[in-house]
Each structure stands twice: as C-alpha cells, then as structure tokens.
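Worksheet: the structure to be examined is printed underneath.
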Amino acid sequence: MSWVTLIIDTDEAHAEALSDVLLEQGALSVDIHDAAADTADEQMLFGEPGEPSGEIWQHAEVSALFNEDADIAEILCNVAHIAQSDQPLSYRIERIEEQDWVRLTQSQFDPIQISARLWIVPTWHVSPDPAAINLILDPGLAFGTGSHPTTQLCLRWLDQNVQPGDTVMDYGCGSGILAIAALKLGARHAAGIDIDPQAIKASEENALRNQCDPSKFHFATAYQATERNLQSAEQTDVVVANILANPLILLAPLLAQIVRPHGHIVLSGILKEQAEEVRDTYQQWFDMTIAGEQEGWVLLTGSKR
C-alpha cells in the first residue's frame, strides 16, 4: 500500500479554509505547517493554556494525504473552484510507500546522555553505559521523552542537587521522567501530579519499568490531589514543574505552599523572554535565579525563605 501527499503553498489567510476543502475532497488527513521550517526564516508560534496563539504561519503549506488511486488533477480543479482562486495553485506531490512504521519510529529515538552518569535509554536499545543511572523510557501517550531542552534542564538540575533522603514532587509529571529520575538519584520519595489520567497511567508504568519501589512513588491526577489536600499535605524538599509560563504563574501560590522552608522550586517550560515575569512572581517566596538555558528555554530555581 502507498499514499499520495498533496502539498499546497499558501498563506495564513487561506490555510484553514484550504484544509477544510481538502478534507471535503476525501483527504485522509490534513495538516498546516510552516513553509520555512528548518530555515533561517522559520517562524516560531507558541500558545499556552489560557492564551492560545491563534496564529498560523505567514507562509504556510497545507499537506493532505490521499489514497494512491485518488485523482489529484480533479481534486486540484475542485479545490481551485471552491476556493474561488483566480491564480494557479502552487503545489507539489509526494508519494509515501508502505514501511515498517514501528522500526522507523524507533530509529528516531536514540539514547540521550544527560550528564556523565545519567542517560535516557529506549527499551529497544542497549545502554551505552551499563554502569550509569539509566532511565528506561519509550515515547508514548504522555509528554516527556527526555529529548526536549526543558526536560534536560530539569534532569541536569536533579542530577546535581537531589540529596539522599529528599522528597520530590513533579507537578505536571507527563511521562513521570523527572520523578523517576529523582528516585534513581537517591530521593526517598517522589510524587507526580498531572491533569491527564493517561499521564498518570504512563508514569506508573514507567516507574515500574525502571524498577522503582512502588512504596516510594505516588502519581495522581490534579482532580484526585485537590488544592486542599496538597496544601494540607506534608511539605516537600523539592518541587519541580516543567509546564509553561502562564500555568506556572497561576500556580505560584500553590506550588510555594508545597515547598518546605529552605526547600527548592525548579521551574521550566519557560521561554527566555518570559523568564523575568515568572521569576518576579515567585520572588515573594523564593530567592530566585536563572539556573540554566538551552535553545531559548530557561530553567529557574529558587530556595524558599
């Protein structure tokens, strides 16, 4: 089996309407992406909960997937007619052959070295350093494979700062990678909170895959761990939250309440230009500092006064 991809060059004013028309013409799937991706003209768009970007790339491409027997010439005529376009469509056609999609996906994820002693290793790879602390983690339904700069910034901080016997909470745990790393680095207990039940399921499975003692970790959805329960619970030594700037600002009073006096807050998912606002928000409880930066993302940490 093979498929045909029709890729039409367009702009932000017409991209969404064009994608709707292609779906009406029988496209199996449609996506809109930056036509200048991976070039110097690439346009970065970021949206956050409560503040979606609502933007589309100024120079966009609409990519539509069709079965191999689709009449692309007729589809193009119909699209031009429905879109009422006087100008010829600028497009290209690519063929996608059947592949071993599992192997192809796996080939995109190699072991990642976080520090001299800390690695992230997919289950289908042999660890490059069996003596290292190896986090066994596959890409799955929840965010956090270790490839993103924000995750790596948090992992490096944990590697350098977690002390034996510490308690750690990962707020917005995703795959559970940060809580699992904390346990394998010597933490006495690690907890994870997320709004997505799938993230909790993935975190629990990953913790067991990494042979974490079930008595030493706990994951719960934000609905299970209500604000009242969190505030009344025993305070923790380290709270790490790799989310996004706006949720971090909104959650500041709650996260500050969870950290014990002289404990640490570790925040990421923050773009460089957002760092000052997030730092100022937490400064009323913590002595905040920029602890790391990678590819335009910032790690903020603080010690509670």
Side-chain angles (χ1 to χ4, degrees), residues 114 118 133 135 142-144 150-151 153-196 199-200 202-204 206-208 210 212-245 247-270 278-279 281-289 291-292 299-305:
I114 301 299
L118 187 62
I133 297 173
L135 306 177
F143 175 81
T150 61
T151 309
L153 286 166
C154 292
L155 286 169
R156 290 192 192 100
W157 189 93
L158 292 171
D159 180 38
Q160 296 168 9
N161 294 278
V162 167
Q163 300 297 313
D166 277 351
T167 56
V168 177
M169 176 176 285
D170 178 6
Y171 202 99
C173 60
S175 67
I177 185 172
L178 300 180
I180 293 166
L183 285 175
K184 299 190 82 166
L185 289 164
R188 173 170 57 87
H189 187 271
I193 304 290
D194 205 288
I195 62 173
D196 184 1
I200 302 307
S203 296
E204 291 173 340
N206 285 328
L208 294 173
N210 281 272
C212 295
D213 183 344
S215 68
K216 292 185 177 182
F217 69 86
H218 176 71
F219 296 101
T221 66
Y223 306 106
Q224 295 168 328
T226 63
E227 183 170 324
R228 174 183 294 181
N229 289 339
L230 285 171
Q231 290 182 338
S232 63
E234 180 182 351
Q235 291 179 312
T236 192
D237 298 301
V238 177
V239 170
V240 55
N242 179 24
I243 315 177
L244 289 169
L248 288 174
I249 291 170
L250 293 172
L251 288 166
L254 174 60
L255 297 184
Q257 178 71 24
I258 300 169
V259 182
R260 67 164 178 79
H262 308 298
H264 297 281
I265 192 85
V266 183
L267 308 173
S268 198
I270 305 163
V278 179
R279 183 188 61 195
T281 300
Y282 282 81
Q283 193 70 40
Q284 57 186 301
W285 302 283
F286 300 89
D287 295 321
M288 299 295 296
T289 186
L299 180 76
L300 292 176
T301 63
S303 177
K304 191 173 182 181
R305 291 189 291 272

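As the structure is a computational prediction, the values presented were derived from the model and not from experiment. The residues of the chain are indexed from 1 along the displayed sequence.
In terms of modelled atom types and a separation under 3.5 Å, the side chain of Thr167 and the main chain of Thr236 share no donor-acceptor contact. With hydrogens and angles ignored, the 3.5 Å screen pairs a side-chain donor or acceptor of Arg156 with a backbone N or O of Ile114. Counting only distance, with no hydrogens or angles, the side chain of Asp213 and the backbone of Ser215 share a donor-acceptor pair below 3.5 Å. For Gln163 (side chain) and Asn161 (main-chain N/O), a donor-acceptor pair under 3.5 Å exists by modelled atom type. Within the 3.5 Å criterion, the main-chain N or O of Cys173 finds a donor-acceptor partner in the side chain of Asp194. In terms of modelled atom types and a separation under 3.5 Å, the side chain of Thr150 and the main chain of Gly269 share no donor-acceptor contact. Although no hydrogens or angles enter the test, the distance criterion places a donor-acceptor pair under 3.5 Å between the side chain of Lys304 and the main chain of Ala256. For the pair Asn210 (side chain) and Asn206 (backbone), a donor-acceptor distance under 3.5 Å is present.
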Derivation of the side-chain contact (heavy atoms from CB on, under 4.5 Å) call for Trp157 and Val238: CA-CA 11 Å; Trp157 189 93; Val238 177; 3.9 Å; yes
Please evaluate residues Val266 and Leu178 with respect to the criterion side-chain contact (heavy atoms from CB on, under 4.5 Å), reporting the C-alpha separation (whole Å), side-chain torsions for both, the decisive distance (0.1 Å), and the verdict. CA-CA 11 Å; Val266 183; Leu178 300 180; over 6 Å; no
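By the side chain to side chain contact (heavy atoms under 4.5 Å, CB included) test, Arg260 pairs with Gln235, Asp237, His262, sequence neighbours left out. Looking at residues two or more places apart in sequence or on another chain, you find no side-chain hydrogen bond (donor to acceptor under 3.5 Å, both in side chains) involving Asp166. Every residue was checked against the side-chain hydrogen bond (donor to acceptor under 3.5 Å, both in side chains) condition with Arg279, not counting sequence neighbours, and none meets it. For Phe219, the ring pair (Phe, Tyr, Trp, His ring centres under 6.0 Å) partners at least two apart in sequence or on another chain are Phe217. Applying the side chain to side chain contact (heavy atoms under 4.5 Å, CB included) test to Ala241 and every residue at least two apart in sequence or in another chain returns Tyr171, Ile243, Leu248, Leu255, Leu267. In this structure Asp287 satisfies the side chain to side chain contact (heavy atoms under 4.5 Å, CB included) test together with Gln283, Arg305, sequence neighbours excluded.
Note that CG of Leu135 and CG of Leu118 are 5.0 Å apart. Values are rounded to the nearest 0.5 Å. Summarising the geometry, atom CD1 belonging to Ile180 is positioned 6.5 Å from atom OG belonging to Ser203; distances are rounded to the nearest 0.5 Å. Here the straight-line distance linking atom CG of Asp170 with atom CD1 of Ile193 works out to 9.0 Å at 0.5 Å rounding. Taking CD1 from Ile177 and SG from Cys154, the interatomic distance works out to 10.0 Å, rounded to the nearest 0.5 Å. Atom CD1 of residue Ile265 and atom CE of residue Met288 lie 7.0 Å apart, to the nearest 0.5 angstrom. To the nearest 0.5 Å, atoms CG (Leu299) and OG1 (Thr289) are separated by 9.5 Å.
Closest heavy-atom contact between Pro253 and Ile249: CD-O, 4.3 Å. Between Ser268 and Asn242 the shortest heavy-atom distance is C-OD1, 3.5 Å. Closest non-hydrogen pair, Ala190 versus Ala179, comes out as CB-O, 3.6 Å. Here the closest non-hydrogen pair linking Ala245 and Val278 is CB-CG2, 4.0 Å. Across all non-hydrogen atoms, the minimal contact from Val162 to Ala182 is CG1-O, 4.1 Å. Residues Ala220 and His218 approach most closely at CB-NE2, 3.8 Å, considering heavy atoms.
Surrounding CD1 of Ile195 are at most 12 heavy atoms belonging to other residues, nucleotides or ligands under 6.0 Å away.
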